Every structure is written in C-alpha cells, then in structure tokens.
S.K.: 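Take this structure first; my questions come after.
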There are 2 protein chains.
Amino acid sequence: MIANSTDRHPLRHNAGDDLRLIALQQFSSVGFAGASLQQIADAAGYSKSSVLYHFASKEALLEEALTPAIARLREMVDQLAADPDRVRARARFIDDFIDFLLQFRLEVHTFINQGQSLRHVPVVDRAQGLIVRLADVLCDETASIEDRLRFGIALGGAAYTLVAGLTFFNDEIAPAADVRPALRAVVTELLAPVSVAGSSAPGTEN
Amino acid sequence: MIANSTDRHPLRHNAGDDLRLIALQQFSSVGFAGASLQQIADAAGYSKSSVLYHFASKEALLEEALTPAIARLREMVDQLAADPDRVRARARFIDDFIDFLLQFRLEVHTFINQGQSLRHVPVVDRAQGLIVRLADVLCDETASIEDRLRFGIALGGAAYTLVAGLTFFNDEIAPAADVRPALRAVVTELLAPVSVAGSSAPGTEN
DNA sequence: ACAAAGTCTGACCGATCGGTCAATTAGACT
DNA sequence: AGTCTAATTGACCGATCGGTCAGACTTTGT
C-alpha cells in the first residue's frame, strides 16, 4: 500500500498541518510580508529548509493555509445563490457563516486585512472575488451603500474581534461557546434586515 | 524671524508631512513589517537616508504617523467619560466617532489590525489602552459579551470597510460624502442600544 | 541485507533589510 | 565675501530575507 502522508503516524501530527497552522498564526498577526520563514520554522520546531521542503515557497505556504477556508466559503456562496427560497437561503447562510467565522478566524483575518497587498496570490484573489459575489447576492440588486456597508462591517468586524478584539476586551474569555450566540445576534442584526422583508425579530430567542 | 520648518514655503509641502502620509499608506496596506524604508522613500520621492534624517527610525516614523489620531481619540474618550449626562455624551461621541473614523481611516486600520504585533511601540500600546477604556465606558459595568462584541465589530468593521472594503464593493465610490450617513446609521445601530436606558430588546423595531 | 523513497538539515547564495556616516548642496544671516 | 545650519544623498555596514542544494538520517519495500 502507499503510505499516504496524511495518516502516517496516529500520534504525531502531520508536518504540513503543523506548519500550515503555525504559518497562519504568524501571517495573521505580523502580516505575510512580516512573517519570515525562519520565524515560522522556529515556532513549529523545524528548520527553514524543512518548511521549504514541504512547501515550494512562502506564497505556496500561504495558499495552502488559506485554501480550506475559501473552499468552504465557495460552498456557502454557491448554496446561498442556488436556493430559490431567498429567505430560507439567507437564514441558513447566516448560520453557516457564523460557524465559518469561528472555525476559520485566522484565515478570514488574513485575507480580509491583507487582501489588497496579496491580490497577486491566486487564492487570495479568488477569495476577494467570492466576497464581492457574496455581497452582490446578499444585497440583491439594490445598490444601496448602507447594505454593502452592513455586510462589510459584519465581515471585517468579525474578523477583527475574533482574533484581536477578544484578547484585550478581557484578559481571558471563554472560547467559541460564549462568543457564538453573541456573534450570531450581532451578525444577524447586521445582515438579516437587508431584504428579508417580514423579519420581525431575528435571533432574539437565545 | 525664525524660519519655522512648518511654514518655510507656502507652495511646497513639508517633507515630514509627506513622509508621514506615504508611510501610513504603506503601513496600512502591506503592514509595518512589510513596508520597507526604501519603498516609502521611493513613493515619496526621497532617498532612504532622507527619511532617516527626518525620523530617527522606522518605528519613530510609525509613532509620529499615528500620534495625531490617538491624540484625537484620547480627547473623545475623555470627553465621553467626563460628561455626567450619559445619554447626551454617548450621542455626541458617536457623531465625533464617525468623523474620527472617516478622517483617520488609515491610522485606525493600522493600529487596529496590527495592534498585537506592534504592542511594543508606545503609541500603539497607548491606543490599545484607550480602546479598552472606551469599551469599558461604552459598555458600562455590564460585563455582557454581546455589548463588547458590538463595539469591536463597529470598530474593526469600520476600519476594514473604510480602507479595503470600499475599493472592491464598487469599482469607484464617492468619497466620504456618500458613506458618512450610511456609516452613521450602522454604527449608531451597533453602539446606541447598548445601555441607553430603556434598552429592553435592542434592534427589533425595524 | 539492500536499495529506494521520504524527511530533515546546515551551508551557502544574491538581494534586501534598517541604520550609520561623511560629503555635498542650498539658503539665510552678518 | 564668509559662516552657519538645515536638507539631502551615496556609500557602506551587519543582519536577515527567501530560496537552492548536497548530504545525512529514517522509514519502507523486497
């Protein structure tokens, strides 16, 4: 049998996965340009050469670190656009979106706050396109600036609070469990009223 | 008379001001670590040595570029905390805050999205402290996570949309004139209901 | 046992980093 | 004229950057 690199050893983590996570933390905190391969290698317990053995280049490392997140985002956008029941589609999307933000906080923070300077990276460019498309779908054909602003604030605000904000609002905060309901309430408030029509009181039951 | 460096020539800009602005654009787009003195110097039409003549170091350049913004922020927080009429103080603060976000978008974006990695820079650390204090004042003693989240999303979301979001939501968008009312509406919605007295069920009236 | 493939690393490369320094230029004042 | 000072620059420094490469170690297949 072929020893696939994804399940060689049940105890030890896959080197590529370790590096992707460590690199992601560095990229989202000091920026892609500011995170050096040496720092990433040191933090992961490898040598710089090992990093470049697993990933062709620093950009390739970034691409592979972000890919799962934008793949999931594409799923959600496709599903949102495909469902003919707009109200149900939007409600379902918001729920998925909350989970998405919590699960991929570092990835979102990275390509949200460095998207302009990383537009030459294919996966980042695709992510930007997805976000534009998502904004179009969510805001419908109404060209209202406020609707766009609501979406942008929800996206950028969540990216900020979930990686930077939580650490200084309180010295320590419970993980996703405490944050999820609050996040859902605020994001729903920002995204729901745009064109849901008969949305009487969204997300106030929890 | 003494030829003060701030008004030597009415036509030509002050070199320090030019550099502060150019540097701020670089810092907010590629990050502090990713923006090199050479790039800043080239963009400003100076040599790298000239940049280091006007500013003792790269960090000093960052400090001076951010200082006006956090000075204004301190004013606003002090005024908010001093006014015994909480409702009036909060309303006035929100108005000032909108203008602040529009005027200092690059500065806010910089110390919001790179605050963790730049905590060793005094002015950034002071800004972080101001934001924590602002969150405390706005959210009152209620330790509600959702209130904190609202403030963080408004702050981080505005920082994002005002520098990155506007460029890809539409190919070109009118300057602050079109954005201000929409921004005011969204930020007010996020910040106003927190503790404005009889806030029983915030944001359910639409 | 042996070879093949996979993994890891140190040494090294040219380029660029932030920063120092001496030299030069241009203006302002006596 | 001469002098002083602010402003600007190129040359240069040690350190670090992303990336290459050959070798060494480990694992796997036969």
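In what follows, chains are A, B, ... by sequence order, proteins preceding strands, each numbered from 1. These numbers were taken from a predicted model, which means no experiment stands behind them. What you see below is based on every heavy atom in this structure, not just the backbone, and it leaves out hydrogens, waters and symmetry mates.
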S.K.: Rounded off to whole Å, could you give me the CZ-to-P distance for the Phe27(B) and dG18(C) pair?
M.R.: 9 Å
S.K.: Does any donor-acceptor pair link the side chain of Lys58(A) with the base of dG19(D) at a separation under 3.5 Å?
M.R.: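 By the distance-only test, no, there is no pair.
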S.K.: Counting the atoms with a prime plus P, OP1 and OP2 as sugar-phosphate, which does Ala60(B) contact under 4.0 Å by heavy atoms, base, sugar-phosphate, or nothing?
M.R.: nothing
S.K.: Whole-Å distance between dT16(C) C1' and Gln38(A) CD?
M.R.: 16 Å
S.K.: Report the nucleotide, chosen from dC17(D), dG10(C), dG18(C), that has the shortest atom-to-atom distance to any side-chain atom of Lys48(B).
M.R.: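 Closest nucleotide among those given: dG18(C).
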S.K.: Which whole-number value in Å describes the distance from Glu59(A) CD to dC17(D) C1'?
M.R.: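 From Glu59(A) CD to dC17(D) C1': 15 Å.
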S.K.: Whole-Å distance between dC17(C) P and Gln39(A) CD?
M.R.: 16 Å
S.K.: Could you give the CD1-to-P distance, from Ile40(B) to dG18(C), as a whole number of Å?
M.R.: 8 Å
S.K.: State plainly whether the residues Asp99(B) and Arg180(B) are in salt-bridge range, i.e. N to O under 4.0 Å.
M.R.: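 Between Arg180(B) and Asp99(B) there is a salt bridge, with a charged N closer than 4.0 Å to a carboxylate O.
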S.K.: Run the salt-bridge test on Arg133(B) and Asp78(B) with the 4.0 Å N-O cut-off and return the result as yes or no.
M.R.: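 Answer for the salt bridge query: yes.
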S.K.: Nearest whole angstrom, please: distance from the P of dT16(C) to the CG of Asp42(B).
M.R.: 11 Å
S.K.: So, are Arg148(A) and Asp136(A) salt-bridged, with charged N and O less than 4.0 Å apart?
M.R.: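 Salt bridge between Arg148(A) and Asp136(A), a charged N being under 4.0 Å from a carboxylate O: yes.
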S.K.: Tell me whether the OP1 or OP2 atom of dT8(D) has a side-chain N or O from His54(B) closer than 4.0 Å.
M.R.: yes
S.K.: Do any side-chain nitrogens or oxygens of Ser36(A) fall under 4.0 Å of OP1 or OP2 in dC17(D)?
M.R.: yes
S.K.: Tell me what Ala41(B) touches on the nucleic acid: a base, only sugar-phosphate, or nothing, going by heavy atoms under 4.0 Å.
M.R.: nothing
S.K.: Minimum heavy-atom separation for Phe32(A) and Lys58(A), please, with both atom names.
M.R.: O-NZ, 2.8 Å
S.K.: Does a side-chain N or O of Tyr53(B) approach OP1 or OP2 of dT8(D) to a distance below 4.0 Å, or not?
M.R.: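 No, Tyr53(B) has no side-chain N/O under 4.0 Å of OP1/OP2 on dT8(D).
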S.K.: In whole Å, what is the span from the OH atom of Tyr46(A) to the P atom of dG10(C)?
M.R.: 14 Å
S.K.: Between the side chains of Gln114(A) and His109(A), is a donor N or O closer than 3.5 angstrom to an acceptor N or O?
M.R.: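 No pair is found: no donor N or O on one side chain lies under 3.5 Å from an acceptor on the other.
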S.K.: Hey, which of these two, Ser50(A) or Ser49(B), hits DNA chain C nearer its 5' end, going by closest nucleotide?
M.R.: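 The residue mapped nearer the 5' terminus is Ser50(A).
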S.K.: So Leu52(A), base contact, sugar-phosphate only, or nothing? Heavy-atom distance under 4.0 Å.
M.R.: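 Base: the residue Leu52(A), judged by heavy atoms under 4.0 Å, touches a nucleobase.
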S.K.: Round to a whole Å and report the spacing from CG of Asn14(A) to P of dG6(C).
M.R.: 14 Å
